[in-house]
Amino acid sequence: MPQRILAQIIEQRELTPSHYRLRLAAPEIAQTAKAGQYVHVLPRATHSFDPLLRRAFSIMRAAEDAIDILYRIEGRGTALLARRKAGETIDVLGPLGLPFAPLTTHNILVGGGVGVPPLVLLAAQAVPEVRIQALIGARAATEIIGQEDFRDYDVPVEVATDDGSAGHQGLVTDLLERQLSQSGLTGQGLTVFACGPLPMLRVVAAMSQRYKVPCQVSLEENMPCGVGVCNGCVVPVLGAGDDYGNYRRICVDGPVLWANEVNWGHYSGDSC
Amino acid sequence: MASLATQLGPLKLQNPIMTASGTFGYGEEIANFMDISHLGAVVCKTVTRAPRAGNAPPRTCETAAGMLNAIGLQNVGVERFITEKLPYLRQFAVPLIVNIAGETIEDFGLLAQALSQQAGVAALELNISCPNVAHGLDFATDPVLTEQVVAHARAATHLPIIAKLSPNVTDITLIARAAEAGGADAVSLVNTFVGMAVNIHTRRPRLSNISGGLSGPAIKPLALRAVYRCAQVLGIPLIGIGGIMNAQDAIEFFIAGASAVQVGTATFVQPGAALEVIQGLESYMDKYAIASIKELVGSIITT
């Protein structure tokens, strides 16, 4: 059950001038959060009204009664969030949304940019019997997210950077193609889990379909309420959709969807 | 303890705080965050005759102290509303106000008739002012059409009727009086203000619908003045809507002449916002020794 809590900031760590990792004291959320779920965070003080709405962040770590989120400064909300300091409290609603499906025998986690965090929690919550390979894409070496976390969980990591400053120079989907074509695991209980920019997710979804590998994607949209009442965060899906039409609210019926449920041809993802 | 008991024509409420249509779904989700039975009334999401898928995304965009939305009246349609949503809403010991919208005057009559036969519907709110669907604003921008649509619904139901008005007009008092003349038991105002936002990097509108309805604290002063002006000329109660985030905001509306208020966008930020407004209102009335909310309504001093 989601809770609204005033969480104390344990640590606000600057990873790069635009990337921050925030650790919050949130026992109620940490104890129940499942990988793929998110928290809805109010970056402003409760009695200011601008920016008005909460921001959604995937939970990256849930342990020792604390949760971690990781974000890049994108706009007014995240800029404000980055100025909050350890010891201050912050209004948090969560855990929200549906988690990833259970891991299978073999799993490939594909994360792009600040899309890596929910995959880190997925690896953290894995039982020892499952095999996991993590693939991380970033613009440059300095912006690689989650590499150390995956190593802590003994998950092998391959990296791709746009500028070649670390790992493969190119796209993380190049690494996925190599894995899918060489691993010989397709059809052997292999599942792909992906979170990242929409262009990356499109390619991951299409590639998984081509190799007949089940694939889950974690999507992002403007999410005014996070609890399913505003119908603002819908994405087009194939089939029945969200009760009324071929849309699904990703706040409560996502953010994780099976890639073959998404109507990629009608999905612009043109969020504001 | 101050009395919050409120009467809107024939409709009796335990307190004057209700949810705004389109911000509360059909209650299932918000029930996780608040005890719905403490509200004055519940106004559920707009119901139309046929199901509507709504507009293509992106449907919302945050703006300065507010947000734009162009959901497009996504809803299950009246038949499924009655079989799937109403049984859930009926269980709460709170009057249920069903918000309805039609493309034609006849649609409003048919919806009013269909819902009048259902147990657990306390009143109807006519959404004659949705800015995000074709012809959605036609009724509430024309006093003649407003009177006609209200009168048509009036003839089709014994239930109290609330006409929800648009602020996107030259003189809202003319529309409010037309609703009263058509037989409305109350008016609710305001629906959202039509607005837009542009992504300067792509030069595209931020909403797929190009324009959307602006809500939130940004519109509160505008809504408050609309309520104040209508309160001067109407003989029926007003329900104030527009950027109410907390009890102070709601109290401004009561003083300006609203007999009740609806909490909308605030629910997106705090799912339990409406209950916090009730608690804050009780504290205010105790502090100023106001025995009944009726003493507060329209108590503005302008001399």
Side-chain angles (χ1 to χ4, degrees), chain A residues 1-4 6 40-44 46-55 75-77 91-94 96 198 219-237 240-253 263 266-272, chain B residues 19 22-30 32-33 45 51-77 80 84-85 197-199 202 204-208 215-218 220 243 245-246 249 264-272:
Chain A
M1 188 69 117
Q3 312 251 349
R4 177 199 167 198
L6 292 174
H40 223 16
V41 176
L42 199 58
R44 57 175 166 83
T46 307
H47 296 292
S48 160
F49 296 131
D50 194 61
L52 182 63
L53 302 169
R54 293 173 184 273
R55 269 53 175 169
R76 295 184 302 147
D91 187 333
V92 181
L93 197 62
L96 296 169
L198 187 58
L219 302 172
E220 183 175 25
E221 280 298 316
N222 298 329
M223 248 182 227
C225 76
V227 298
V229 294
C230 76
N231 287 302
C233 64
V234 297
V235 298
V237 293
D242 183 17
D243 224 6
Y244 326 113
N246 295 325
Y247 291 113
R248 198 171 293 169
R249 298 167 297 181
I250 61 163
C251 66
V252 288
D253 303 317
N263 188 345
H266 285 85
Y267 186 21
S268 72
D270 199 13
S271 62
C272 75
Chain B
T19 58
T23 63
F24 187 75
Y26 301 112
E28 294 115 319
E29 295 88 357
I30 297 292
N32 290 328
F33 297 94
K45 180 155 178 62
R52 289 180 61 95
N55 292 327
R59 292 177 170 184
T60 65
C61 174
E62 186 176 299
T63 56
M67 63 174 282
L68 291 164
N69 88 79
I71 308 300
L73 301 185
Q74 175 178 348
N75 80 98
V76 293
R80 283 182 60 197
E84 294 173 22
K85 305 296 181 186
V198 176
N199 180 331
T202 62
R204 301 180 70 83
R206 291 204 184 264
L207 299 174
S208 71
S215 66
K220 197 194 81 183
M245 298 298 286
N246 51 39
D249 293 335
T265 301
T267 299
F268 296 161
V269 184
Q270 302 294 4

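Letters A, B, ... mirror the listed sequences (proteins, then strands); counts begin at 1.
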Distance (rounded to the nearest 0.5 Å) between A:Phe49 CZ and B:Thr265 OG1: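 It comes to 11.5 Å.
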Interatomic spacing from CZ in B:Phe268 to CE in A:Met223 - rounded to 0.5 Å: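 Result: 14.0 Å between the selected atoms.
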Pairs of heavy atoms under 4.5 Å with chain A: top-ranked of B:Gly216, B:Ala64, B:Gly54: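 Sorted descending by pairs with chain A, the first entry is B:Ala64.
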Contact origin within A:Leu53 toward chain B - heavy atom pairs under 4.5 Å: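 Both backbone and side chain.
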Looking only at heavy atoms, which two atoms of [X] and [Y] are closest? And how far apart?
X: A:Ser268; Y: B:Pro58; answer: OG-CD, 4.3 Å
X: B:Thr63; Y: A:Asp50; answer: O-OD1, 4.0 Å
X: A:Gly228; Y: B:Glu29; answer: O-OE2, 3.6 Å
X: B:Thr60; Y: A:Pro224; answer: OG1-CG, 3.4 Å
X: B:Ala53; Y: A:Tyr247; answer: O-CD1, 3.4 Å
X: B:Pro217; Y: A:Leu52; answer: CD-CD1, 3.6 Å

Pick from A:His266, A:Arg76, A:His40 with the largest number of heavy-atom pairs that fall under 4.5 Å of chain B: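 Highest number of heavy-atom pairs under 4.5 Å: A:Arg76.
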B:Arg59 side chain vs A:Val234 backbone, donor-acceptor pair below 3.5 Å: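 Pair absent, no side-chain N/O of B:Arg59 close to backbone of A:Val234.
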Minimum side-chain heavy-atom gap B:Asn69-A:Cys230 below 4.5 Å: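 The answer is no; the side chains never approach within 4.5 Å.
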A:Tyr267 side chain near B:Pro57 side chain, heavy-atom distance below 4.5 Å: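 No, side chains not in contact.
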Check against side chain to side chain contact (heavy atoms under 4.5 Å, CB included), A:Asn231 and B:Lys45: CA-CA 10 Å; A:Asn231 287 302; B:Lys45 180 155 178 62; 3.7 Å; yes
Region of B:Ala56 that comes under 4.5 Å of a non-hydrogen atom in chain A: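 Answer is both: backbone and side chain atoms of B:Ala56 are under 4.5 Å from chain A.
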From CA spacing to verdict: side chain to side chain contact (heavy atoms under 4.5 Å, CB included), A:Val227, B:Asn32: CA-CA 9 Å; A:Val227 298; B:Asn32 290 328; over 6 Å; no
